[in-house]
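Everything on this sheet refers to the single structure shown next.
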Amino acid sequence: MTTRTVLVINSGSSSIKYQLVDPDSGQALASGLVERIGEETGAIIHKHGQDVTELAEPVADHGAGLSEVLRLFEEKGPTLAEAHVVAVGHRVVQGGKYFSGPVIIDDEVVSTIERLVPLGPLHNPAHLKGIEVGRALLADVPHVAVFDTAFFQDLPEEAARYALNREIADRYEIRRYGAHGTSHQFVSGEVRALLGREDLKQVVLHLGNGASASAVVGRHAVETSMGLTPLEGLVMGGRTGDIDPAAVFHLWRVAGLSIDEIDQLFNRASGMKGLTGDNDMREVWKRVDAGEQEARDAMDIYLHRLTKYVGAYAAVMGGLDALTFTAGIGENDARLRAELCQRLAFLGLEVDDALNGTRSDEARVVSPEGSRAAVLVVPTNEELAIARQALTLL
Ligand code: AMP
């Protein structure tokens, strides 16, 4: 019997993703997606248990989209009254230096998220639309913002500050904010629970289309690979990750590219996509197996970058007790996990081939018993993490 639920909303520029979560059991009671908002053809999919409703209809704006979602809840269930919704949780990518945890949304919080648009130009305006229509349509429950940057808010100064001119960096608020923090916080907490230890030195690899690494000591993040924006760090589906910023000057001066073209090139047309033409790891592996050298090279670049980060983070923490894989690639790509651990054997990391090769939706250890350091696979669940964080404020 459900006693309380949280409606979690992830509002994008032309989409609204939502999930109705029971924070106590961890179950999603319903979920869905509104797509192509503002375009000629929109689409809505609403799932309630086995019951899936798909609509193809234009959705004028975020307000119309959310109204349609609320209508589907009433018509297809579960009704929000019977689900006893106690809060709405909004995912917000960029919280800058202002939010170190979840906050109840009021007008002041809204204007701070607005002020942060220059640091999160792709995401924050879209979140603001979701927050605005959410507060209007679901006015009698508290709305909570959960920030992707919050977990990294207390990074040590030596990790957060770039060696950029101090006055300029401070004036323009340029520092390491990180991203995927809700996932890194959730997954590192699951690892502590699974291993039954609070004092772990761990590295979490969130490897999806976007990818990031974090170093976590006890409950605190001490390093993370994404920086001012989610461009820095690991090789990603379409993003370069680390690259000498002088490449920007070079492309501008020598190739004559505009700043917007370079932005597009680094954020969308690089990474695995730019190296191989494919951003899906399954396709790249197929091409490796077919003997394509370019695909093998791309995998090696991906693995080399990961090896550098895990090694560096072990050095920063003075040791490593656990390495954990999460997100689309991390949770599903056993071969990549095995190849990375082979490269990191000097840290005591290894996988048990049977454990690593077994598919499962459960959090699990995949290293052999008695290994010097544990290797784990933990499915991330950002919606559940947002729901649970929202509840801490009620
Ligand atoms: P995410 O951004 O977390 O949804 O992850 C999406 C990515 O996961 C896709 O681009 C794929 O590259 C990757 N992925 C999903 N399933 C697999 C799999 N079985 N093996 C390798 N990669 C996978």
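The model shown is predicted, which means the values in this text are computed figures rather than measured ones. First listed ligand is number 1; within each ligand, the first listed atom is number 1.
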Ligand-residue contact atoms, ligand 1 with G208, heavy atoms, under 4.0 Å: 1 (P), 2 (O), 3 (O), 5 (O)
Decide if atom CG of D361 counts as having more than 12 heavy atoms of other residues, nucleotides or ligands within a radius under 6.0 Å. no
of all protein heavy atoms, closest to atom 10 (O) of ligand 1 is N279 O, 3.9 Å
Quick check on E75: does its CD atom have over 12 non-hydrogen neighbours (other residues, nucleotides or ligands) under 6.0 Å away? yes
Just checking, is any N or O donor in the side chain of H184 or T224 under 3.5 Å from an acceptor N or O on the other one? no
Counting only heavy atoms on the protein side, is anything nearer than 4.0 Å to atom 19 (N) of ligand 1? yes
Please confirm whether N209 comes within less than 3.5 Å of ligand 1 when only nitrogen or oxygen atoms on both sides are compared. yes
Using a plain distance cutoff, I'd like to know if G328 has any nitrogen or oxygen under 3.5 Å from a nitrogen or oxygen of ligand 1. yes
For atom 11 (C) of ligand 1, what is the closest protein heavy atom, and at what distance to 0.1 Å? D280 OD1, 3.5 Å
When you measure from atom 12 (O) of ligand 1 to every protein heavy atom, which one gives the shortest distance, and what is it? M281 N, 2.9 Å
Without hydrogens or angle criteria, can the side chains of Q293 and D297 be said to hold a donor-acceptor pair below 3.5 Å? yes
Neighbour count above 12 (heavy atom, 6.0 Å) for E173 CD: yes
Distance filter under 4.0 Å to D333 heavy atoms, resulting ligand 1 atoms: 21 (C)
Kindly state whether the ring of F73 and the ring of Y18 have centres lying under 6.0 angstrom apart. yes
Report the nearest protein non-hydrogen atom to atom 13 (C) of ligand 1: residue, atom name, distance rounded to 0.1 Å. I329 CG1, 3.4 Å
Measure the spacing between OG of S31 and CD1 of I45 and express it to the nearest 0.5 Å. 8.0 Å
